Engineer: 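My questions will all concern the structure given below.
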Amino acid sequence: MSKDIQEYRYDIDGLRGFAVIAVIINHFNNHFLPGGFLGVDIFFVISGFVITSSFARARYKNLWELTTSFYKRRIKRLIPALLFFVLFSSLFICIVNPQPTTSLLTGLTSLFGFSNIYLLSESTNYFADSTKLNIFLHTWSLSVEEQFYFLFPFFIWITRFSKDNLNNGKNLFYLLLICSFISLTLFFWIYQVYQPAGYFLLPTRFWEIASGSLLFLGNQKRSDFFRNFYKIPVSLIILLMFGMFLLPIKFAIFSIPLIVLLTCLFIITIKKNNFFFNIFSNRRFVFLGKISYSLYLWHWGIITLSLWTIGIFWWTIPFQIIIIYLFAIFTYSKIENPI
């Protein structure tokens, strides 16, 4: 295994910080950064890359040991902060919303990893203005990840990929490649036929998280195919990312695959001591990446509560951002990180 992959990647945490900033800007004002929602797709790719990297360092004796140890880590990583956010936000949404049932059910289902399915059952359009009144709408992406995490250990077990069997990465690679091709095909088809299903469901999102896994596995071999991309200037990739953030929502069917591709290219082309590596490895960017989960949870909650109460105006946004940041810091330092 290549040493650089085993080491902690500061730049990837910086990329998380970059992604969560784009999401927050978009949710405050989707006219200013119409494609900022693509930050979630960046998260998906990073998740696949990091999770596969963790399995490459793992040993397990049987399927039970593999699944239980993995699920315990994922539950400890995701649920405590989510539970705190759901309980706290449910209290306040009941105060300001006379009919909070939809929000409360979304929050409840998010704790079990299927709020995306519940939102689809409600025929929710993620991009509709009315959805901003659902304080737990954004948990759909967490449910997609949790459903992927539920399935992924079985892919690992079937292919026998582990620290002691890294050569089996080839089997895992081809299995994920086939599933990703099917998933991407479903995405292009279903998104045009019924947008909410194309947007919310794991079968049409699997390929995004799996692309991070495929990137990790393919990059281990340092094949000629991957070497062809190493010479692409990272400055060009970042510029194109900004371009995707500026595209209107109507181009999402194209911008989503493109941001996934650009994220993959960013991860394999950025080099140490490069100007952009230094930016993304800056301690402030890295810290934003570390608290990005808590930031993601609270930003939508504060925005929604603001819409139910004082509203969102140019003069309120600085105060609302400070509140989001403070809640995120508290959740990360007192709940997420210790547990």
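As the structure is a prediction and not an experimental result, all values here were calculated from the model.
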Engineer: For the pair Ser281 (side chain) and Tyr10 (backbone), establish whether a donor and an acceptor sit closer than 3.5 Å, ignoring hydrogens and angles.
Structural biologist: no
Engineer: Any chance you could measure Thr263, atom OG1, to Phe44, atom CZ, to the nearest 0.5 Å?
Structural biologist: 12.0 Å
Engineer: If you measure from CG on Asn125 to OG on Ser130, what distance do you get to the nearest 0.5 Å?
Structural biologist: 7.5 Å
Engineer: For atom CZ of Phe154, decide whether the heavy atoms of other residues, nucleotides or ligands shown that lie under 6.0 angstrom number more than 12.
Structural biologist: yes
Engineer: Quick check against the 3.5 Å criterion: does Tyr293 have a side-chain atom that pairs as donor or acceptor with the backbone of Leu78?
Structural biologist: yes
Engineer: Within the supplied structure, the quantity of interest is the number of heavy atoms (other residues, nucleotides, ligands) at a distance under 6.0 Å from Tyr191 OH; does it exceed 12?
Structural biologist: yes
Engineer: What verdict does the side-chain contact (heavy atoms from CB on, under 4.5 Å) test give for Phe136 and Thr109, after you've listed the backbone C-alpha separation in whole Å, the side-chain angles of each residue and the deciding distance to 0.1 Å?
Structural biologist: CA-CA 10 Å; Phe136 302 117; Thr109 53; over 6 Å; no
Engineer: So how far is it from Ile93 CD1 to Ser103 OG, rounded to the nearest 0.5 Å?
Structural biologist: 5.0 Å
Engineer: Side-chain contact, heavy-atom cut-off 4.5 Å: Leu176 with Leu217?
Structural biologist: yes
Engineer: Could you check Ile21 against Leu288 for side-chain contact (heavy atoms from CB on, under 4.5 Å), going step by step and ending with a plain yes or no?
Structural biologist: CA-CA 9 Å; Ile21 289 172; Leu288 285 176; 3.7 Å; yes
Engineer: What orientation do Phe313 and Trp315 show, parallel under 30°, tilted 30 to 60°, or perpendicular over 60°?
Structural biologist: parallel
Engineer: Taking atom CG of Leu307 and atom OG1 of Thr309, what is their separation to the nearest 0.5 Å?
Structural biologist: 8.0 Å
Engineer: Within the distance-only criterion (no hydrogens, no angle test), does the side chain of Ser183 pair as donor or acceptor with the backbone N or O of Pro203 below 3.5 angstrom?
Structural biologist: yes
Engineer: Salt bridge check, Arg74 against Glu145: does any charged N sit closer than 4.0 Å to a carboxylate O?
Structural biologist: no
Engineer: Where is the tightest heavy-atom contact between Thr106 and Ser115, given as atom of each residue plus distance?
Structural biologist: O-CB, 3.5 Å
Engineer: Kindly say whether the aromatic ring centers of Phe148 and Phe206 come within a distance under 6.0 Å.
Structural biologist: yes
Engineer: Is it true that, when you exclude Lys334 itself, more than 12 heavy atoms of the residues, nucleotides or ligands shown sit nearer than 6.0 Å to its NZ?
Structural biologist: no
Engineer: Is there a donor-acceptor pair closer than 3.5 Å between any side-chain N or O of Arg16 and the backbone N or O of Ile42?
Structural biologist: no
Engineer: Are any side-chain N or O atoms of Thr204 and backbone N or O atoms of Ile190, one a donor and one an acceptor, separated by less than 3.5 Å?
Structural biologist: no
Engineer: With side-chain contact (heavy atoms from CB on, under 4.5 Å) as the test, would you mind laying out the steps for Ile117 and Ser143 before giving the verdict?
Structural biologist: CA-CA 9 Å; Ile117 297 173; Ser143 293; over 6 Å; no
Engineer: Is atom CZ of Phe84 surrounded by more than 12 heavy atoms (other residues, nucleotides or ligands) closer than 6.0 Å?
Structural biologist: yes
Engineer: With a 6.0 Å cut-off on the ring centroids, do His27 and Tyr296 count as close?
Structural biologist: no
Engineer: If Ile, Leu, Val, Met, Phe, Trp and Tyr residues are connected whenever their side-chain heavy atoms lie under 4.5 Å apart, and connections chain through other members, are Phe155 and Tyr174 in the same group?
Structural biologist: yes
Engineer: Taking Phe181 as the starting point, is it possible to reach Trp189 by hopping between hydrophobic residues whose side chains are less than 4.5 Å apart?
Structural biologist: no
Engineer: Looking at Pro80 and Ile75, what are the two nearest heavy atoms and their distance?
Structural biologist: CD-O, 3.2 Å
Engineer: Could you pull out the closest heavy-atom pair between Gly198 and Phe187, with the gap in Å?
Structural biologist: O-CD1, 3.8 Å
Engineer: Show the nearest heavy-atom pair for residues Glu336 and Ala81, with the distance to one decimal.
Structural biologist: CB-CB, 4.3 Å
Engineer: Any side-chain heavy-atom pair from Cys264 and Phe49 closer than 4.5 angstrom?
Structural biologist: no
Engineer: Apply side chain to side chain donor-acceptor pair (under 3.5 Å) to Ser69 and Glu65, showing your working.
Structural biologist: CA-CA 6 Å; Ser69 63; Glu65 181 181 329; over 6 Å; no
Engineer: Side chains of Trp300 and Thr304 only: does a donor on one sit below 3.5 Å from an acceptor on the other?
Structural biologist: yes
Engineer: Answer with yes or no after comparing the ring centroid distance for Phe70 and Phe55 against a 6.0 Å cut-off, counting only values under it.
Structural biologist: yes
Engineer: Looking at every non-hydrogen atom in both residues, tell me the closest pair between Ser180 and Ala210 and how far apart they are.
Structural biologist: OG-CB, 3.2 Å
Engineer: Kindly compute the distance separating CD1 (Ile324) from CG (Leu295), expressed to the nearest 0.5 Å.
Structural biologist: 8.0 Å
Engineer: With ring centroids as reference points, do Phe200 and Tyr118 lie under 6.0 angstrom apart?
Structural biologist: no
Engineer: Please determine whether side-chain contact (heavy atoms from CB on, under 4.5 Å) holds for the pair Ile339 and Arg77, giving the CA-CA distance in whole Å, both sets of side-chain angles, and the decisive distance to 0.1 Å.
Structural biologist: CA-CA 7 Å; Ile339 295 177; Arg77 172 72 180 88; over 6 Å; no
Engineer: Hydrophobic cluster membership, with links at side-chain heavy-atom distances under 4.5 Å among I/L/V/M/F/W/Y: are Ile238 and Phe275 in one?
Structural biologist: yes
Engineer: Are Arg160 and Trp157 in a cation-pi contact, defined as NZ or CZ under 6.0 Å from the six-membered ring centre and within 45° of the axis?
Structural biologist: yes
Engineer: Output, in order, the C-alpha distance, side-chain angles, deciding distance and verdict of side chain to side chain donor-acceptor pair (under 3.5 Å) for Trp298 and Ser294.
Structural biologist: CA-CA 6 Å; Trp298 285 106; Ser294 292; 5.5 Å; no
Engineer: So which of Asp13, Ile279, Asp11 actually passes side-chain contact (heavy atoms from CB on, under 4.5 Å) with Phe285?
Structural biologist: Ile279
Engineer: Apply side chain to side chain donor-acceptor pair (under 3.5 Å) to residues Gln147 and Asn116 and explain how you reach the verdict.
Structural biologist: CA-CA 10 Å; Gln147 290 159 19; Asn116 59 330; 2.9 Å; yes
Engineer: Is the Tyr199 to Trp140 ring centre distance short of 6.0 Å?
Structural biologist: yes
Engineer: Would Leu239 end up clustered with Phe280 when hydrophobic side chains under 4.5 Å apart are linked, directly or stepwise?
Structural biologist: no
Engineer: Would you please indicate if the ring centroids of Phe88 and Phe327 are separated by under 6.0 Å?
Structural biologist: yes
Engineer: Starting from Phe319, can I reach Ile303 by hopping between I/L/V/M/F/W/Y residues whose side chains sit under 4.5 Å apart?
Structural biologist: no
Engineer: What distance do Ser89 atom OG and Ile135 atom CD1 have between them, rounded to the nearest 0.5 Å?
Structural biologist: 4.0 Å
Engineer: Kindly check if the number of other-residue, nucleotide or ligand heavy atoms within 6.0 Å of CZ (Phe242) is above 12?
Structural biologist: no
Engineer: Which atom pair, heavy atoms only, marks the closest approach of Ile259 to Asp41?
Structural biologist: CG2-CB, 3.6 Å
Engineer: For residues Phe330 and Tyr325, establish whether the separation of their ring centroids is below 6.0 Å.
Structural biologist: no
Engineer: Strictly distance-based, threshold 3.5 Å: is any side-chain N or O of Thr131 a donor or acceptor partner for the main-chain N or O of Ala128?
Structural biologist: yes
Engineer: Would Phe37 and Phe245 count as a close aromatic pair, with their ring centres under 6.0 Å?
Structural biologist: no
Engineer: Measure from the side-chain N and O atoms of Tyr332 to the backbone N and O of Asn337, and report whether any donor-acceptor pair falls under 3.5 Å.
Structural biologist: no
